[in-house]
Chemist: 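Pasting a structure here, questions to come.
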Protein chains: 2
Amino acid sequence: MSTEIVEKPISVLLVDDHPLFRRGVFAVLSADKRIRVVGEASNGKEGVASARKLDPDVILMDIQMPEMTGLEATVVLQKEMPRCKILMLTISEKDEDLFNAVKFGARGYLLKEVDPDEIIAAVLQVASGEVRLTTSMATKLLGEFKSRGEKKGGEQALSPREGEVLQYVARGHTNKEIAGTLFISENTVKVHLRNILDKLHMKNRAEAATYAAKMGLV
Amino acid sequence: MSTEIVEKPISVLLVDDHPLFRRGVFAVLSADKRIRVVGEASNGKEGVASARKLDPDVILMDIQMPEMTGLEATVVLQKEMPRCKILMLTISEKDEDLFNAVKFGARGYLLKEVDPDEIIAAVLQVASGEVRLTTSMATKLLGEFKSRGEKKGGEQALSPREGEVLQYVARGHTNKEIAGTLFISENTVKVHLRNILDKLHMKNRAEAATYAAKMGLV
DNA sequence: GTGACAATAACCCAAAAGGATTATTAGAGG
DNA sequence: CCTCTAATAATCCTTTTGGGTTATTGTCAC
């Protein structure tokens, strides 16, 4: 047995709806021997499927994507595969997105305008179990948690399906339309919506739509 | 083959504030022998300077950039170097950006989510003097110009009262509640809401609520 | 294998929202 | 003075939503 320890490269899955951007990230990450890009996906849904199949160490995830956003995908994957570290790589500088990403289990938050070097450092860092945030982000988060410190008792997370339904509601679709899109009965949509309203302590779909928009789900 | 006519490659300048994205585009374009990337810039100001120096055939330009946006740069360059074709490559699906880009002289409008192949085709097409738009964009442009002819400019602004009603809608208030708050009849609230939906081309209050949240009204 | 939970679905009923039309009044601006 | 518009309001009718209840299935964890 050799005394040299051969490290297995960190496997990375890219989830972003822009093929061109993916290619850029791919080029940057592939230039580093400690990292290996094992797959790509172009929306949250595909991302979840790929993650299940590939079981990557790190997922680089965009937030704003068609079909299923990065936030929703993060919710799903955190529950399913807690070993897998999710690093948000997004254009959004909105505080709301940052808070939600962290709340839903992301291990880091990078803006797309970062330097190539930075992204490599971030991948290595989250792979090793650390969290990657800029100091200004960390400050924002601390302030946020302090201000809602004791209140957090009742908050229940939405299930993936509920998140999906909520998206369509926010886009102005009726229950019947949503049922048609998701191939389920209108009754089921109504049940989902009722559960959503109960969990969010809200009164009707318009209020829930506002919530969804603010959370960046649409 | 010595009889083959050797075409000079199309020279391309990339202007985008995301190094990672630039790298992706560079990789894609460099893989095609008919195209040669001759320079990169990370904002509109740098882009204009580089364009003056390099005189590229085609400029791939982002819209949202620090210092000087792609739209501003397009205005400057169109006046100075009309031979140089500008192709917007942006994340923005906003009609307004599309309209402005075309108005300011862009020869094409691509969304960043396009396939690599598409971007090569678009560069070749605008280099040859054609215009590159999706059919849905062309339709939007036509509709815009037609409606400018007869009415004042497409979107009608909400009246103050309508804005007020929309806020309450986004907060999840019912028509009856809004009527009570504003000391008007429920019928009037319904009229306001109908006018809001008509003006925004929306279908129901949930969709309007999403719009309000995105606009920062709530 | 039991218990928890997500997703599915059905039924009923009341309340709310949506769509169309018509009309009155107060102000602003020509 | 006349016109245009925002804001007000009513009536009629249809569709959608919201609220409560019950039940079946599949999966995952313990």
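Atoms considered below: every heavy atom in the structure, side chains included; atoms not considered: hydrogens, waters and symmetry mates. Everything numeric in this text was worked out from a predicted model, so none of it was measured. Here is the naming used below: chain letters follow the sequence lines, and residue numbers restart at 1 for every chain.
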Chemist: Nearest-Å distance, CZ (B/R161) to P (C/dG27)?
Modeler: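 Going from CZ in B/R161 over to P in C/dG27 covers 15 Å.
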Chemist: Would you indicate, yes or no, if C/dA17 has its OP1 or OP2 atom less than 4.0 angstrom from a side-chain nitrogen or oxygen of B/R205?
Modeler: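 Answer yes for this pair, as a side-chain N or O of B/R205 is under 4.0 Å from OP1 or OP2.
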Chemist: Between C1' on C/dA17 and NE2 on B/H173, what's the gap in Å once rounded to a whole number?
Modeler: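 After rounding, the reported distance stands at 16 Å.
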Chemist: Within less than 4.0 Å of OP1 or OP2 of C/dA10, is there a side-chain N or O belonging to A/T188?
Modeler: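 False: A/T188 side-chain N/O out of range (4.0 Å or more) of C/dA10 OP1/OP2.
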Chemist: Calculate the interatomic distance between B/N187 atom CG and C/dT22 atom P; express it in whole Å.
Modeler: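 Value for this atom pair: 16 Å.
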Chemist: Test B/D16 against every option in B/Q64, B/K112, B/R23, B/R22 by the side-chain hydrogen bond (donor to acceptor under 3.5 Å, both in side chains) rule and name the one that passes.
Modeler: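 Among the candidates, only B/K112 passes.
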Chemist: Can you tell me how far C1' of C/dT8 sits from CD1 of A/I178, to the nearest Å?
Modeler: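 So the two atoms are 16 Å apart, to the nearest Å.
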Chemist: Could you label the plane-to-plane angle of the A/Y168 and A/H173 rings as parallel, tilted or perpendicular, counting under 30° as parallel and over 60° as perpendicular?
Modeler: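 Judged by the thresholds at 30° and 60°, the geometry between A/Y168 and A/H173 is tilted.
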Chemist: Using a strict cut-off of less than 4.0 Å between a Lys/Arg side-chain nitrogen and an Asp/Glu carboxylate oxygen, indicate whether A/E177 and A/R171 qualify as a salt bridge.
Modeler: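 Answer for the salt bridge query: no.
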Chemist: Send over the distance from B/E207 CD to D/dT17 C1', rounded to a whole Å.
Modeler: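 The distance from CD of B/E207 to C1' of D/dT17 comes to 17 Å, rounded to the nearest Å.
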Chemist: Hey, does the side chain of B/N175 come within less than 4.0 Å of C/dA16's phosphate (OP1/OP2), counting only N and O?
Modeler: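 For C/dA16, OP1/OP2 do not have a side-chain N/O of B/N175 under 4.0 Å.
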Chemist: Output the rounded distance in Å from CD (B/E162) to C1' (D/dT8).
Modeler: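 Going from CD in B/E162 over to C1' in D/dT8 covers 13 Å.
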Chemist: Taking only N and O in the side chain of B/S185, is any of them less than 4.0 Å away from OP1 or OP2 of D/dA10?
Modeler: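 For D/dA10, OP1/OP2 do have a side-chain N/O of B/S185 under 4.0 Å.
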Chemist: Assign B/K190 to base, sugar-phosphate, or nothing according to its heavy-atom contacts below 4.0 angstrom with the strands shown.
Modeler: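 It contacts base atoms.
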Chemist: Between B/L193 (CG) and C/dA16 (C1'), how many Å, whole number?
Modeler: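 For the pair B/L193 CG and C/dA16 C1', the rounded distance is 12 Å.
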Chemist: Would you tell me if any nitrogen or oxygen in the side chain of B/K176 comes within less than 4.0 Å of OP1 or OP2 on C/dA16?
Modeler: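 B/K176 to C/dA16 OP1/OP2: side-chain N or O found under 4.0 Å.
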Chemist: Distance from A/E207 atom CD to B/R205 atom CZ, nearest 0.5 Å?
Modeler: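 These two atoms lie 11.5 Å from each other.
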Chemist: With a 4.0 Å cutoff (strictly under), does any side-chain N or O of B/R194 reach OP1 or OP2 of C/dG18?
Modeler: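 Checking B/R194 against C/dG18: no side-chain N or O falls below 4.0 Å of OP1 or OP2.
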Chemist: For B/E186 and for B/N204, locate the closest nucleotide of DNA chain D by heavy-atom distance; then report the residue assigned to the nucleotide nearer the 5' terminus.
Modeler: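 Residue closer to the 5' terminus by nearest nucleotide: B/E186.
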Chemist: Is a side-chain N or O of A/D17 found less than 3.5 angstrom from the main chain of A/N43, in a donor-acceptor match?
Modeler: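 Checked: no pair found.
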Chemist: What does A/N195 touch in the nucleic acid at a heavy-atom separation under 4.0 angstrom: a base, only the sugar-phosphate, or nothing?
Modeler: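 Result for A/N195 = nothing.
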Chemist: Could you give the CG-to-P distance, from B/D198 to C/dA20, as a whole number of Å?
Modeler: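 Interatomic distance, CG of B/D198 to P of C/dA20: 8 Å.
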